[in-house]
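Structure provided below as structure tokens; questions to follow.
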Amino acid sequence: MQIYNSLTRKKEEFVPVEAGKVHMYVCGPTVYNYFHIGNARPFIIFDVLRRYFESRGYDVTFVQNFTDIDDKMIQRANEEGITVSQLAERFIGEYFTDAKAMGIRPATVHPRATEHIPQIIELIQHLVDKGLAYAVNGDVYYRVRAFDHYGQLLNQSLDDLESGARVGVEDMKEDPLDFALWKAQKPGEPAWDSPWGKGRPGWHIECSAMSMAYLGETFDIHGGGKDLLFPHHTNEIAQSEGATGKPYVHYWMHNGFINIDNEKMSKSKGNFFTVRDISKEYDLETVRMFMLSAHYRSPVNFSRDLIAQAASSLQRLYGARDQLMFLQGGAADRAPNAVEQAAMDAGDAALAKFNAAMDDDLNTADAIGAMFELVREIFKLSPTGVSRDAVLHLQQRLEQMAGVLGLLTKQADELPADIRAMVDERAQARKEKNWKRSDELRDAITTAGYILEDTAAGQKVRKREL
RNA sequence: GGUGCCAUAGCCAAGCGGUAAGGCGAAGGUCUGCAAAACCUUUAUUCCCCGGUUCAAAUCCGGGUGGCACCUCCA
């Protein structure tokens with residue numbers, strides 16, 4: 001598999017540290033609010049990456065943190081009149097609600113910063129001991145100039161960074177670029193004991209401490225949004241490699257932004273949509289479909305119209321899934337004929353194309369194209385008397401692709417009795433050519449959230465998923 | 001000032017040197033009591049513009065034009 005590595009700015013062949021295993025870390029949310037659609041992109045992308053590795057037989061350890069202590073957490077908790085940990089508890093719960101609705105599986109581990117204070121302190125102490133960090137008045141800063149290749153991820157020299165750096169108010173720092181590893185307690189803030197007095201960890205250090213705690217000092221993949229390149233990931237490298245003297249991460253992956261009207265969506269601009277808001281209007285699987293329909297490194301615009309397009313596309317996928325179940329009902333236990341064999345071969349070709357696309361730096365857009373090529377073969381099969389082997393063959397391919405992308409997650413349940421009764425009554429009405437009654441029943445069934453279609457083999461009913 | 005990214009049909013979007021995937025939408029046809037779904041056909045002789053390299057360029061190089069991002073909390 002080829003992966004675009006932000007560190008080298010090239011696609012590279014993926015070679016795991018440990019054969020057969022993948023260790024990956026993705027920066028999770030700061031749990032002070034519902035997460036927005038921009039946050040959702042990396043969650044979905046890396047969930048797909050994880051699923052793909054698993055489908056290729058890798059044993060994946062996937063770590064995604066919760067940042068549960070920082071300025072925004074403290075501010076929000078104060079506004080709400082609750083403790084920081086109560087706030088965290090609430091929005092961690094909300095994270096899982098939204099994530100589940102988007103088909104994002106829980107990570108192997110979801111570590112929280114506040115539960116790893118000893119590891120964080122140990123790491124900071126190590127940096128201080130090595131002369132890479134220094135304490136001032138209860139704060140501890142990283143001495144950026146003491147680390148050889150600071151800024152490699154950004155492709156910027158220290159001096160270039162310096163010229164762009166804002167003149168800090170924190171003049172206790174030796175250099176404007178130095179960043180906080182530990183912040184001394186201010187009145188009313190939660191704090192933990194440390195060798196430098198009471199305080200709390202800075203943002204960057206938690207990811208270094210927690211990733212290495214669960215994945216080792218050198219691991220395979222670290223992901224996040226492009227805006228994390230600097231300073232967050234740049235600082236993580238400085239902290240981790242400064243402490244261990246070893247390479248921290250082999251492959252850095254960064255997803256592009258979600259834009260609104262071609263402008264970056266961000267908390268500071270206020271032009272963002274939370275996933276929770278969108279869920280009131282659209283099924284969140286549609287959002288997943290939307291995200292995967294473009295390459296993860298490209299910027300994508302978000303709009304109602306685009307979500308609607310994604311919904312239509314997904315509908316076709318569900319139609320194919322349901323068609324396969326329908327075909328099974330009328331399938332024959334015989335060997336595939338020439339036409340069916342051709343469809344099976346085309347299905348295999350589509351799967352091969354799908355895997356090749358995923359192997360090419362997780363090209364989900366191309367992979368979805370392959371999936372639709374399979375869909376076309378499914379719909380071309382004769383509605384009745386088709387070879388069961390052929391149906392099962394295509395079904396297996398579809399399920400495999402859908403499983404990797406995390407799509408088609410809605411179950412097709414048994415029809416409720418009242419719907420069943422209407423369908424049966426309509427069959428009778430149609431037999432009697434009572435079109436009026438027949439149409440009334442179809443309308444009622446539609447209103448109840450089901451899609452009824454007349455086919456050569458009789459009525460076909462399925463739940464409207466989206 | 002420094003560092004990058006992007007420009008493909010009405011919309012979205014692959015493509016990474018060998019003669020334009022796929023989806024949405026639209027039009028016509030088939031099937032149907034009607035509808036829906038599906039199937040068939042049509043919808044980019046051309047990939048922002050100008051040069052260059054090559055037998056061959058949407059793809060590589062140079063120069064424009066237009067848009068975006070990072071260097072500051074942010075996925």
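In what follows, every chain begins at residue 1, and chains take the letters A, B, ... in the order their sequences are listed.
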Counterpart base for B/rA20, defined by Watson-Crick or G-U wobble contacts under 3.5 Å: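 Paired with B/rA20, as far as the under-3.5 Å criterion goes, is no nucleotide at all.
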
Output the rounded distance in Å from OH (A/Tyr296) to P (B/rC5).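 One finds 14 Å between P of B/rC5 and OH of A/Tyr296, rounded.
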
Within the distance-only criterion (no hydrogens, no angle test), does the side chain of A/Arg397 pair as donor or acceptor with the backbone N or O of A/Leu351 below 3.5 angstrom? no

Separation of B/rC39 C1' from A/Leu381 CG (nearest whole Å): 12 Å

Please report the distance separating the P of B/rU42 from the corresponding atom of B/rA20, rounded so that it comes out in whole Å. 15 Å

Expressed in angstrom and rounded to an integer, what is the separation of A/Leu317 atom CG from B/rA37 atom P? 16 Å

Interatomic distance where CD belongs to A/Gln428 and P belongs to B/rG33 [whole Å]: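 So the two atoms are 17 Å apart, to the nearest Å.
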
Taking only the P atom of each, what is the distance from B/rA14 to B/rG62 in whole angstrom? 24 Å

Strictly by modelled atom types, are A/Thr67 and A/Glu206 linked by a side-chain donor-acceptor pair under 3.5 Å?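 There is such a pair (donor and acceptor under 3.5 Å, judged by atom type) between the side chains of A/Thr67 and A/Glu206.
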
Any A/Arg316 side-chain N or O less than 4.0 Å from OP1/OP2 of B/rC39: yes

Roughly, in whole Å, what's the span from OH in A/Tyr150 to P in B/rC71? 12 Å

Atom C1', compared across B/rA7 and B/rA13: separation rounded to whole Å: 13 Å

Given the C1' atoms of B/rU32 and B/rA38, what is the spacing between them in whole Å? 12 Å

Decide salt bridge (Lys or Arg N to Asp or Glu O under 4.0 Å) for A/Asp178 and A/Arg145; before the verdict, give the C-alpha distance in whole Å, the side-chain angles of both, and the deciding distance to 0.1 Å. CA-CA 8 Å; A/Asp178 290 352; A/Arg145 297 262 170 195; over 6 Å; no

In whole angstroms, how far is the P atom of B/rC71 from the CG atom of A/Asn155?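 Rounding to the nearest Å, CG of A/Asn155 and P of B/rC71 are 15 Å apart.
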
What I want to find out is whether A/Arg430 reaches A/Asp454 closely enough, with some N-O distance under 4.0 Å, to be called a salt bridge.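 Salt bridge: yes.
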
Among B/rA14, B/rC39, B/rA35, which nucleotide sits nearest the side chain of A/Arg442? B/rA35

Nearest-neighbour nucleotide for the A/Phe230 side chain, B/rG22, B/rC70, B/rA36 considered: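 Selected nucleotide: B/rC70.
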
Between B/rA58 and B/rC16, how far apart are the two C1' atoms, rounded to whole Å? 10 Å

Within this structure, what is the NZ-to-P distance between A/Lys226 and B/rC6, rounded to whole angstrom?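 It is 8 Å, rounded to the nearest whole Å.
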
What interatomic distance, in whole Å, is found between C1' of B/rU53 and the corresponding atom of B/rG17? 12 Å

Determine the sole option in A/Asp361, A/Asn5, A/Asp360 for which the side chain to side chain donor-acceptor pair (under 3.5 Å) test with A/Lys11 is passed. A/Asp360

Of all the choices, B/rG25, B/rC71, B/rA75, which nucleotide is nearest to the side chain of A/Ile258 once you look at every atom?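 Closest nucleotide to the A/Ile258 side chain: B/rA75.
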
Quick check for you: among B/rG22, B/rC34, B/rA13, whose closest atom lies nearest to any side-chain atom of A/Glu373? B/rG22

Is A/Trp435 stacked against the base of B/rG33, taking the criterion as centroid distance under 5.5 angstrom and interplanar angle under 30°? yes

Taking the six-membered ring of A/Tyr4, is the NZ or CZ of A/Arg297 close enough (under 6.0 Å from the centre) and on axis enough (within 45°)?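 Judged by the rule, A/Arg297 and A/Tyr4 form a cation-pi pair.
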
What distance, rounded to whole Å, do you find between the two C1' atoms, one in B/rC6 and one in B/rC48?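 Each nucleotide's C1' atom is 12 Å from the other's.
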
Counting heavy atoms from C-beta on, name the nucleotide in B/rC11, B/rG22, B/rG33 closest to the side chain of A/Gln309. B/rC11

Among B/rA37, B/rC34, B/rC40, the one nearest A/Lys380 by side-chain distance: B/rC40

Of the nucleotides B/rC73, B/rC34, B/rG25, which has the atom closest to the A/Arg426 side chain? B/rC34

Mate of B/rC60 where both pairing distances stay under 3.5 Å, Watson-Crick or G-U: B/rG52

Considering every strand and a 4.0 Å limit on heavy-atom distances, what is the contact class for A/Gly256: base, sugar-phosphate, or nothing? base

May I ask you to evaluate whether A/Lys353 reaches the phosphate of B/rA14, defined as a side-chain N or O under 4.0 Å from OP1 or OP2? no

Any base atoms under 4.0 Å from A/Phe257, or only sugar-phosphate, or nothing? Heavy atoms, all strands. base

Tell me, with the steps shown, if A/Glu440 and A/Arg437 meet salt bridge (Lys or Arg N to Asp or Glu O under 4.0 Å). CA-CA 5 Å; A/Glu440 281 170 10; A/Arg437 182 60 184 153; 3.0 Å; yes

Return the nucleotide paired to B/rA9: Watson-Crick means purine N1 to pyrimidine N3 with N6-O4 or O6-N4, wobble means G-U with N1-O2 and O6-N3, both under 3.5 Å. none

Tell me whether the side-chain N or O atoms of A/Asp454 pair up with the base of B/rC34 as donor and acceptor below 3.5 Å, since no angle test is needed here.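 Result: at least one qualifying N/O pair found.
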
Is A/Lys436 close enough to B/rG33 that one of its side-chain N or O atoms is under 4.0 Å from OP1 or OP2 there?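 False: A/Lys436 side-chain N/O out of range (4.0 Å or more) of B/rG33 OP1/OP2.
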
A/Val300 side-chain proximity, nearest of B/rA75, B/rG23, B/rA13: B/rA13

Of the nucleotides B/rC24, B/rA75, B/rU72, which has the atom closest to the A/Ser313 side chain? B/rC24

Looking only at side-chain atoms of A/Arg430, point me to the closest of B/rG22, B/rA75, B/rC34.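 The nucleotide sitting nearest to the side chain is B/rC34.
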
If we call it a pair only when both distances are under 3.5 Å in a Watson-Crick or G-U wobble match, what pairs with B/rG25? B/rU43

Considering Watson-Crick and G-U wobble pairs with both distances under 3.5 Å, what does B/rA69 pair with?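 Paired with B/rA69, as far as the under-3.5 Å criterion goes, is B/rU3.
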
B/rC12 and B/rC47: how far apart are their C1' atoms, nearest whole angstrom? 16 Å

A/Ser298 side-chain N/O to B/rA7 phosphate OP1/OP2 under 4.0 Å: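 It does not, given that no N or O in the side chain of A/Ser298 lies less than 4.0 Å from OP1 or OP2 of B/rA7.
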
Return yes if the base of B/rG22 and the side-chain atoms of A/Asp366 contain a donor-acceptor N/O pair under 3.5 Å, otherwise no. no

Determine whether a donor-acceptor pair (one donor, one acceptor, N or O, separation below 3.5 Å) exists between the side chain of A/Ser438 and the base of B/rG33.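 When only heavy-atom distances are counted, A/Ser438 does reach the base of B/rG33 through a donor-acceptor pair under 3.5 Å.
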
Hey, does the side chain of A/Asn39 come within less than 4.0 Å of B/rA75's phosphate (OP1/OP2), counting only N and O?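 For A/Asn39, the contact criterion (side-chain N or O under 4.0 Å from OP1 or OP2 of B/rA75) is met.
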
Answer yes or no: is there a donor N or O on one side and an acceptor on the other, between the side chain of A/Glu241 and the main chain of A/Tyr248, under 3.5 Å?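 Present.
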
Between A/Asn363 and B/rG15, is there a contact of a side-chain N or O with OP1 or OP2 at under 4.0 Å? yes

Exam field: side chain A/Thr455 to backbone A/Gly458, donor-acceptor pair closer than 3.5 Å: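 Side chain of A/Thr455 to backbone of A/Gly458: a pair is present.
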
Who does B/rC34 pair with, Watson-Crick or G-U, both distances under 3.5 Å?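 None - no nucleotide pairs with B/rC34, as no candidate has both distances under 3.5 Å.
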
What is the distance, to the nearest angstrom, from the CG atom on A/Asp227 to the P atom on B/rC5?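 The distance from CG of A/Asp227 to P of B/rC5 comes to 17 Å, rounded to the nearest Å.
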
